[in-house]
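In what follows, a structure is listed as structure tokens, so that the remarks can point back to it.
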2 protein chains.
Amino acid sequence: MPRTASFFPTLFCRESCDARELAELTRLATPIRFDGGQTIFREGDVARSAFGLSQGVVRLYRLLPDGRRQVVAFALPGDFLAMPLGDRFSFSGDAVGEVSICRFPREELKRLIQTNPGIMRQLIEFAANELQSAQDQLTLLGNGSAEERVVSFLVNWRRRVARQTPPSQAVPLPMRRQDIADFLGLKLETVSRTFAKLEQRNAIRIVPHGVVLMRPEQGALVAEGGGAS
Amino acid sequence: MPRTASFFPTLFCRESCDARELAELTRLATPIRFDGGQTIFREGDVARSAFGLSQGVVRLYRLLPDGRRQVVAFALPGDFLAMPLGDRFSFSGDAVGEVSICRFPREELKRLIQTNPGIMRQLIEFAANELQSAQDQLTLLGNGSAEERVVSFLVNWRRRVARQTPPSQAVPLPMRRQDIADFLGLKLETVSRTFAKLEQRNAIRIVPHGVVLMRPEQGALVAEGGGAS
DNA sequence: CGGCTACTTGACATCTATCAACCGGGGTGG
DNA sequence: CCACCCCGGTTGATAGATGTCAAGTAGCCG
């Protein structure tokens, strides 16, 4: 269990960290790697496995029959990819850049969860967080202008990324404009234009694979509360 | 425990129905009534209680600082109002017409849940459903036109209502246009116009406190999958 | 160096929001 | 019992924001 270490600590050791439970989990986990663009699991597939993200970024999305796409969340290291309940995936996930995954056999994981109240509690908490995030996102898509959506995305993304690699002025944006657009319910041109507008206003600076959020505007930008999963 | 009966069966007896657990739950529950428009709980309040809906319809919503509102869901009998986790309500709920509620003291309910795997499982399943619904709604708000949103709402609402009072051609809409608008991320005028357009097309008929969904169009209308909580 | 892909920018179309007037039913008070 | 008022809903005219289509630019990889 080499690379695995970077995953468990974030996910399971936040509060209740039982050594035995952790050992069990580690025993079940199989580490896998994916290249950028590869699909990890597909909406509708029978969920034989559950996944945890160790390294990299994963976009979770749904495809509509006519090809439209809704990105449900961007996962960061420590996040679950898909809740290990329900026997089919309710969305697809693919790698944005290289990623390291922990794969769990679903049935065994399920059994482990049902017999370990500690893990069970963690799972419920995780679900509650997800729900909260989904409702934040819902509120944003229901009421926000293009600019509010983009700003909210940047602020939330920065907060989440900062948790992983603390000190850094620039916020990396490994995903494409199209991904951001599909996450925010906008078109990529609108995202691009909004970025440009924010830059003209000196709220951000656009850099090769990310943005720099400028100090002064940050306060004014906040407004919205929660955000992505 | 008189009126209470109409709540528990739907919520807790769908699958695993343990007589002892049910008895415990019933012991904790206090029935309350509210008139239309009354607020049952408020976003941000400390959640001393958890609530289950016995009769009527409740709108669950968030208020943004500038007064905009996002209706997160319309609850029907058998639904939980707010997940009994987290120590503050993450949204408000108020009665649409008269409602009957079951009130649970949160701490005791929590204890009961943590010691009863059956109830725990139910709760997780409920949370998973909620999450699924939230993501459906997210997809709708992110990609749907006004008409798609309204149609999706009507179809999903009909399905949910039908579960309660099976045979009825007309779909009751006890909530106001403004509520529907805030649920769908539209303005009430747009909702009204969309209703009118659908009626002109003979897809629906607008009746005093509801609509009738016409047979032929129904097939064409479906398109979207899931929906409200 | 060439070609691909992501991204940006521009002109224009479309949709929904906005502002405002109007309609109609239910309840209240005369 | 009738008239009025109030509220929710509908409808119209107009404006603003985002989507659409299309061209053009920049960075990356072979």
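Because only heavy atoms are used, hydrogens play no part in the values below, and waters and symmetry mates are left out as well, while side chains stay in. Source: prediction; values computed, not measured. The sequence lines fix the lettering, A, B, ..., with proteins before strands; numbering per chain opens at 1.
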Residue whose closest nucleotide on DNA chain D lies nearer the 5' end, K187(A) versus H209(A): K187(A)
5' precedence on DNA chain D between I206(B) and V191(A) (nearest-nucleotide basis): I206(B)
[X] side-chain N/O to [Y] backbone N/O, donor-acceptor pair under 3.5 Å:
X       : Y       : value
R88(B)  : G44(B)  : yes
E199(B) : V211(B) : no
R158(B) : V171(B) : no
E148(A) : S145(A) : yes
Q70(A)  : L63(A)  : no

Pairs where residues 182-196 of chain A contributes a residue and the test side chain to side chain donor-acceptor pair (under 3.5 Å) is met, not counting sequence neighbours: R69(A)-D182(A), Q178(A)-D182(A)
Terminal helix-axis angle for the helix from dC1(C)-dG30(D) to dG30(C)-dC1(D), with five pairs defining each axis and rounding to 10 degrees: 30°
Phosphate contact (dA6(C) OP1 or OP2) by R176(A) side-chain N/O below 4.0 Å: yes
Under the salt bridge (charged side-chain N to carboxylate O under 4.0 Å, His left out) test, residues paired with D66(B) that sit two or more places apart: R68(B)
Contacts of R62(A) that satisfy salt bridge (charged side-chain N to carboxylate O under 4.0 Å, His left out) - sequence neighbours left out: D136(B)
Distance in angstrom units between [X] [atom1] and [N] [atom2], rounded:
X       : N       : atom1 : atom2 : value
K197(A) : dT9(C)  : NZ    : P     : 13 Å
L184(B) : dT16(C) : CG    : C1'   : 14 Å
R177(B) : dA17(C) : CZ    : P     : 16 Å
L188(A) : dT8(C)  : CG    : P     : 9 Å

No-hydrogen, no-angle side-chain donor-acceptor test under 3.5 Å, N143(A) and T139(A): no
Start and end of the DNA chain D segment that chain B contacts, any atom under 4.0 Å from a heavy atom: dG8(D) to dA13(D)
Pi-cation contact, F74(A) with R160(A) (under 6.0 Å, within 45°): no
Polar pair under 3.5 Å, donor/acceptor by atom type, side chain Q178(A), base dC7(C): no
Pull out every protein N or O sitting under 3.5 Å from an N or O of nucleotides 11-15 of chain C, one pair per line with the distance.
unit_1	atom_1	unit_2	atom_2	d
dA11(C)	N6	R193(A)	NH2	3.3

Aromatic ring pairing F126(A)/F80(A), orientation class (parallel under 30°, perpendicular over 60°, tilted between): perpendicular
Sugar-phosphate only, base, or nothing, as touched by L186(B) at under 4.0 Å among non-hydrogen atoms: sugar-phosphate
